[in-house]
Chemist: 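Pasting a structure below so you can have a look.
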Number of protein chains: 2
Amino acid sequence: MAQEREWRCGDPQQQRKWAEATTDALRVLEGKWKIVIICQLFGAKEALRFSELERRCEGVNQKMLIQQLKELEKDGIVTRTVYPQVPPKVEYALTEMGKALGPSMAELIDWAFMRRERMADELTP
Amino acid sequence: MAQEREWRCGDPQQQRKWAEATTDALRVLEGKWKIVIICQLFGAKEALRFSELERRCEGVNQKMLIQQLKELEKDGIVTRTVYPQVPPKVEYALTEMGKALGPSMAELIDWAFMRRERMADELTP
DNA sequence: CGGCATCCGGGATGATACTG
DNA sequence: CAGTATCATCCCGGATGCCG
């Protein structure tokens, strides 16, 4: 949308260039749980507590979740807000840069549903 | 688009349901190079030779590329075509399921460009 | 020469117990 | 509740060899 897909041309030189750009940017999303985390934060439409995030990212463990959240925070994708109270409360939300991933995540979630439907179809033809 | 984003509602029960669906589907994209591979195949608009793919996925090594391609093939995302000739020629292309990831990958690539621009802006304000 | 397999070291990931 | 610490495991990367 923003780029009008001007990058999708046949010029090898140009392709090499955006290949580099994407590889570089995708490095931020590297890590087993990052896309899952972002999808969940995006779908929730609001900040999520650590425990809630942990519940939604099925199969993740505390250590990994914390680590990946730290990296996402460092890369400017999520914000971490601490509420000084007992019991402790920490919320995570998407930054502007993180929210900009929204369209992509939305399409990804649609794909997930489409895929699940097709998988179900194959079992009952 | 396909789902009209009907999944993006406030109902906790519903959210838990699609959280599970997405987590499950995203497992297919798990692996350090899979999204990069798909992005490159999508951007190329055509089948790519192994060596060409290797060149475009900057930083990958043969072993990893082969492994990830095998998993993607097993999960029905890419097809592998062998041309019996010397020197050997093997081409990889997206399946229908793989092409369905197009919109998401396109948005992802746009995000990559947007991010690169913003990173450059921060260095020269 | 291009595509692919195998062996091994190091770093990422996971399971569990523990703390403020 | 939200982390930290420790140790086991597995994925990843580099090097090397094979085969048409």
Side-chain angles (χ1 to χ4, degrees), chain A residues 12 16 23-24 26-41 44 46-75 77-94, chain B residues 12 16 19-20 23-24 26-41 44 46-75 77-94:
Chain A
R16 207 61 55 80
T23 300
D24 180 58
L26 287 180
R27 200 160 295 145
V28 172
L29 304 180
E30 230 173 64
K32 186 165 179 179
W33 298 100
K34 291 190 184 169
I35 292 185
V36 176
I37 292 170
I38 295 168
C39 269
Q40 295 303 328
L41 280 176
E46 59 183 358
L48 290 180
R49 298 190 57 159
F50 180 83
S51 54
E52 181 62 23
L53 212 42
E54 189 179 9
R55 213 171 297 120
R56 297 189 187 211
C57 297
E58 209 172 339
V60 76
N61 57 17
Q62 283 191 342
K63 183 185 134 189
M64 273 303 103
L65 185 52
I66 289 171
Q67 177 188 309
Q68 307 266 302
L69 282 169
K70 269 185 183 168
E71 292 182 16
L72 285 174
E73 187 189 6
K74 185 168 71 63
D75 287 328
I77 307 295
V78 306
T79 59
R80 179 175 178 274
T81 309
V82 181
Y83 296 87
Q85 63 185 41
V86 177
K89 176 179 173 182
V90 181
E91 281 191 342
Y92 293 88
L94 293 173
Chain B
R16 206 63 56 78
E20 183 183 348
T23 299
D24 180 58
L26 287 181
R27 199 159 296 145
V28 172
L29 304 179
E30 232 172 62
K32 186 167 180 179
W33 298 99
K34 291 190 185 170
I35 291 184
V36 177
I37 292 170
I38 295 169
C39 271
Q40 295 304 329
L41 280 177
E46 59 184 357
L48 290 180
R49 296 191 56 160
F50 180 85
S51 53
E52 181 63 23
L53 212 41
E54 187 179 11
R55 213 172 297 121
R56 297 189 187 210
C57 297
E58 210 170 339
V60 77
N61 56 16
Q62 281 194 343
K63 186 187 129 189
M64 274 302 103
L65 186 52
I66 290 170
Q67 177 188 309
Q68 308 267 299
L69 282 169
K70 268 186 183 168
E71 293 182 16
L72 286 175
E73 186 189 6
K74 186 168 69 64
D75 287 328
I77 308 296
V78 305
T79 59
R80 178 175 180 273
T81 309
V82 181
Y83 296 87
Q85 64 184 42
V86 177
K89 175 179 173 183
V90 181
E91 282 190 343
Y92 293 88
L94 293 173

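Chain letters run A, B, ... following the sequence lines, proteins first and then strands; every chain starts at 1.
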Chemist: Hey, does the side chain of A/Ser51 come within less than 4.0 Å of D/dC1's phosphate (OP1/OP2), counting only N and O?
Modeler: no
Chemist: Whether B/Trp33 contacts D/dC12 is assessed here as follows: a side-chain N or O lying under 4.0 Å from the phosphate OP1 or OP2. Is that the case?
Modeler: no
Chemist: What does A/Val90 touch in the nucleic acid at a heavy-atom separation under 4.0 angstrom: a base, only the sugar-phosphate, or nothing?
Modeler: sugar-phosphate
Chemist: Tell me: CD of A/Gln62 to C1' of C/dA15, nearest whole Å?
Modeler: 11 Å
Chemist: Counting only side-chain heavy atoms from C-beta out, which of D/dA5, D/dA2, C/dG2 sits nearest to A/Pro88?
Modeler: D/dA2
Chemist: Taking atom C1' of D/dT4 as reference, at what distance in whole Å does atom CZ of A/Phe50 sit?
Modeler: 11 Å
Chemist: Going from CZ on B/Arg27 to CD on B/Glu71, what distance comes out if it is rounded to the nearest 0.5 angstrom?
Modeler: 13.0 Å
Chemist: Can you name the residues that form a side chain to side chain donor-acceptor pair (under 3.5 Å) with A/Glu52, not counting sequence neighbours?
Modeler: A/Arg55, A/Arg56
Chemist: Given atom CG of B/Leu53 and atom P of C/dG2, what is their separation to the nearest angstrom?
Modeler: 15 Å
Chemist: Tell me the interatomic distance from A/Lys34, atom NZ, to C/dT13, atom C1', rounded to whole angstroms.
Modeler: 13 Å
Chemist: Any heavy-atom pair between the side chains of A/Phe50 and A/Ile66 that's under 4.5 Å?
Modeler: yes
Chemist: Looking at A/Lys32, does any N or O in its side chain come under 4.0 Å of the phosphate oxygens OP1/OP2 on C/dG14?
Modeler: yes
Chemist: Does any part of the side chain of B/Gln40, heavy atoms only, come nearer than 4.5 Å to the side chain of A/Thr23, both counted from C-beta?
Modeler: yes
Chemist: Let me know the distance between CD of B/Gln85 and C1' of C/dC1, rounded to the nearest Å.
Modeler: 12 Å
Chemist: For A/Asn61 and D/dC10, what is the distance between atoms CG and P respectively, to the nearest whole Å?
Modeler: 15 Å
Chemist: Could you check whether any side-chain N or O of B/Glu73 sits under 3.5 Å from a backbone N or O of B/Thr79, counting only pairs where one atom can act as donor and the other as acceptor?
Modeler: no
Chemist: For B/Lys32, check side chain to side chain donor-acceptor pair (under 3.5 Å) against everything at least two apart and list the hits.
Modeler: none
Chemist: Which whole-number value in Å describes the distance from A/Glu52 CD to D/dA2 C1'?
Modeler: 14 Å
Chemist: Answer yes or no: does a side-chain N or O of A/Tyr92 lie under 4.0 Å from OP1 or OP2 of D/dG3?
Modeler: yes
Chemist: At less than 4.0 Å, is any side-chain N or O atom of A/Arg49 found next to OP1 or OP2 of D/dA2? Yes or no.
Modeler: yes
Chemist: A/Tyr92 versus A/Arg49: any side-chain heavy-atom pair under 4.5 Å?
Modeler: no
Chemist: I need the NZ-P distance between A/Lys63 and D/dC7, as an integer number of Å.
Modeler: 12 Å
Chemist: Which ones in residues 65-75 of chain B lie close to DNA chain D, meaning a heavy atom under 4.0 Å from one of its atoms?
Modeler: B/Gln67, B/Gln68
Chemist: Starting the side chain at C-beta, find the nucleotide from C/dG2, D/dC12, D/dG3 nearest to B/Met64.
Modeler: D/dC12
